[in-house]
Amino acid sequence: PLRRAHLLLSPPPPISREQGRCSPSSSPVPQISCPGSRLNLSAIMQASDRFNINSQLEHLQAKYVGTGHADLNRFEWAVNIQRDSYASYIGHYPMLAYFSIAENESIGRERYNFMQKMLLPCGLPPERDED
């Protein structure tokens, strides 16, 4: 027990010049902090990552209809999810065959039912309060 405490309290071994050097070619993954440096780059990387993620999200939302936007409410989001699901069921024949077997209907009838459900997948929209 005394020996373990001594190992825990002992200072770390000195870092040689080769160990303390950070080079971009040493690893394909970007280094957050170098072993020999006192500069903490995690705060800087977080701010730039946050900006990058937000700009990518805005780009996707502008490019594709189903990814939503800032003013999307819960009902519209649920309608998008349901319609995407039904479109996927119709477009993938094995899934359509699975549903037709499970419900004991023909494949054409299941396709028709899914297309009918795509019209109002979540029922009528809720009434909006006019401000």
Side-chain angles (χ1 to χ4, degrees):
L2 182 60
R3 192 169 200 177
R4 283 188 203 159
H6 172 68
L7 290 175
L8 292 175
L9 298 176
S10 64
I15 299 174
S16 68
R17 286 184 176 246
E18 291 300 318
Q19 290 175 340
R21 185 176 299 155
C22 286
S23 63
S25 63
S26 65
S27 165
V29 178
Q31 295 285 328
I32 297 299
S33 61
C34 296
S37 70
R38 294 182 186 190
L39 179 62
N40 185 7
L41 299 176
S42 64
I44 297 169
M45 293 297 285
Q46 288 176 355
S48 69
D49 287 344
R50 193 175 316 125
F51 175 74
N52 191 14
I53 289 170
N54 285 335
S55 65
Q56 287 178 1
L57 184 61
E58 289 174 4
H59 176 72
L60 284 175
Q61 289 172 346
K63 190 173 181 182
Y64 299 109
V65 177
T67 54
H69 51 80
D71 298 327
L72 189 70
N73 62 21
R74 183 177 180 166
F75 178 78
E76 293 171 349
W77 177 79
V79 166
N80 283 340
I81 297 297
Q82 288 289 342
R83 285 187 177 152
D84 286 348
S85 297
Y86 289 138
S88 178
Y89 301 155
I90 292 170
H92 293 91
Y93 186 80
M95 285 296 292
L96 193 59
Y98 176 80
F99 282 115
S100 68
I101 291 171
E103 295 185 11
N104 197 19
E105 293 282 347
S106 67
I107 292 175
R109 174 57 65 179
E110 280 300 309
R111 182 178 290 122
Y112 176 77
N113 289 340
F114 285 146
M115 290 178 75
Q116 291 298 314
K117 288 180 184 178
M118 285 176 73
L119 294 176
L120 289 173
C122 298
L124 295 174
E127 296 179 8
R128 293 188 179 198
D129 296 332
E130 297 295 328
D131 291 335

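Throughout, numbering of the chain's residues begins at 1 and tracks the sequence. On a predicted model such as this, the values are computed, not experimentally measured, just so you know.
Contact between Arg83 and Met118 at its shortest, heavy atoms only, is NE-O, 2.8 Å. Of all non-hydrogen atoms in Phe75 and Gly123, the two that sit nearest each other are CZ-O, 3.5 Å.
In summary, the side chains of Ser55 and His59 do not present any donor paired with an acceptor at a separation below 3.5 Å, with no hydrogens or angles considered.
Residues satisfying the side-chain contact (heavy atoms from CB on, under 4.5 Å) criterion with Ile107, sequence neighbours excluded, are Tyr93, Leu96, Ala97, Ser100, Arg111. For Tyr86, the ring pair (Phe, Tyr, Trp, His ring centres under 6.0 Å) criterion is met by Phe114, not counting sequence neighbours.
No more than 12 heavy atoms of other residues, nucleotides or ligands shown are found within 6.0 angstrom of CE on Met115. Applying the 6.0 Å contact sphere to CG of Asn54 captures more than 12 heavy atoms from other residues, nucleotides or ligands.
Taking the charged nitrogens against the carboxylate oxygens, Glu76 and Arg128 do have a contact shorter than 4.0 Å, which makes a salt bridge.
One distance of note links CG of Asp84 with OH of Tyr89; it measures 10.5 Å at 0.5 Å rounding. Remark: Glu58 CD to Ile53 CD1 distance equals 12.5 Å, nearest 0.5 Å. The CD1 atom of Ile101 sits 12.0 Å away from the OG atom of Ser106 when rounded to the nearest 0.5 Å. The CD1 atom of Ile90 sits 10.5 Å away from atom NZ of Lys117, with the distance rounded to the nearest 0.5 Å.
Cluster note: Leu124 groups with Leu120 through ILVMFWY side-chain heavy atoms spaced under 4.5 Å, whether in direct contact or through intervening members.
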